[in-house]
Amino acid sequence: MINYENYFTASIDRLKKEGRYRVFNELERKAGSFPLAKSHITGRDVTVWCSNDYLGMGQHPKVTTAMAEAIGRVGAGAGGTRNISGNHHHMVMLEETLAELHHKEAALVMTSGYVTNEASLSTLGSMLPDCIIYSDEFNHASMIHGIKNSKCEKHVFRHNDLEHLESLLQASDPARPKLIAFESVYSMDGDISPIKDICDLADKYNAITYLDEVHAVGMYGDHGAGVAEREGLMDRVTVIQGTLGKAYGVMGGYITGSHALIDMVRSYAPGFIFTTSLPPALTAGANASIRHLMQCDEERERQRYNVKVLNDMLKKAGIPVMPTMSHILPVLVADAVLCKKASDMLLNQFDIYVQPINFPTVPRGTERLRLTPTPCHTHEMMFELTRALVWVFERLGIKPDMSVLKKAA
Ligand SMILES: *Cc1c(COP(=O)(O)O)cnc(C)c1O
């Protein structure tokens, strides 16, 4: 007979042996002093270098005030699902803002970006008769699960490889519905997809497109609507998906698209229907954050400047920063155990917090430290980070070969 406890322990031991057992830091973020946070592991203040609160909007007074005000006025929770008493005024206003932001007819907010991808892709794929889904090989786990749950025929195309995508589209029955699912900014490598070319292929083969702009909303384009805005392509993409939890600094996820498409997902997606609505405070905070970033470039500009400064500093110091097209600076370690060790050393000896990124988030052998400079990081912090990385990489003998990246891809 199976010994359940032994089985649980053995599965964890396997991860530990490989050096990819996940240990969570325990932080208390300091509103007003971001990116500083108190670590309850070390007991000291640390500088956070791996936050997805890319613009520090989680502490922006407009956001925190809107949230506090909403709680004071309407209380804590939404009180129900969207259908049964939980469809509140703040939520409706947020969806109007999102539709306006992406120049779409409608938007639908869900619990998180993950839930949005899972619920939307599984519903789109299962509603469209005999649909085929084409999915970039580096797509996020939430898209992969949504596609899996749609039970559609699925083809994975090599990362950002237009020729491979076209060959797959060409080989399929022209009469069948098709959906191409991809991201704009790929957050573990920092590269950006050829949105225009993918939309051209979609037109040629009568496919619809589903673009995850989770790492781009708030960050790119004159109003922070993402890479599709920056490139003037928002009207070419069928569905734009985003999160309210990264650059917008709060929580939640959404899709935007045509009235009919959004209404179909609203009406059929279990992951949207059978769960409590996000509370008014979160939606009010997200709305304030989006509105601010629609009319103000200041955070984006300072952030871009800091990314450039840190990238230059690290390269000059000989730190193996991977080539990036975005705000994400991945530093290659190429070994799971060393990656974890480097992260521990940075935390314990330098009060610098960078989480190690290991398999399955990235392919084995391409383990890395992923740095996300925000507008709130100072020159002093960047200098300290560079100095610490040089010390740690020397001590641990980390000298990765960048060609592992090509092999992995
Ligand atoms: C983080 C992430 C999501 C999920 O968004 P959450 O709001 O954190 O659930 C979806 N897609 C990508 C590419 C992501 O990195």
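Positions are given from 1, in the same order as the sequence printed here. Both ligands and their constituent atoms are indexed starting at 1 by order of listing.
Judged by the 6.0 Å and 45° rule, R364 forms a cation-pi pair with F359.
E183 places a side-chain heavy atom less than 4.5 Å from the side chain of M143.
Judged by distance alone, the side chains of Y114 and H140 never bring a donor and an acceptor atom under 3.5 Å apart.
By the 4.0 Å N-to-carboxylate-O rule, R82 lies close enough to E95 to be salt-bridged with it.
The aromatic rings of Y254 and H102 sit tilted relative to each other, their planes meeting at an angle between 30° and 60°.
The structure places CG of L128 at 11.5 Å from NZ of K178, a figure rounded to the nearest 0.5 Å.
Protein residues having at least one heavy atom under 4.0 Å from any atom of ligand 1 are S112, G113, Y114, N117, H140, S142, E183, D212, V214, H215, T243, K246, G252, listed by chain and number.
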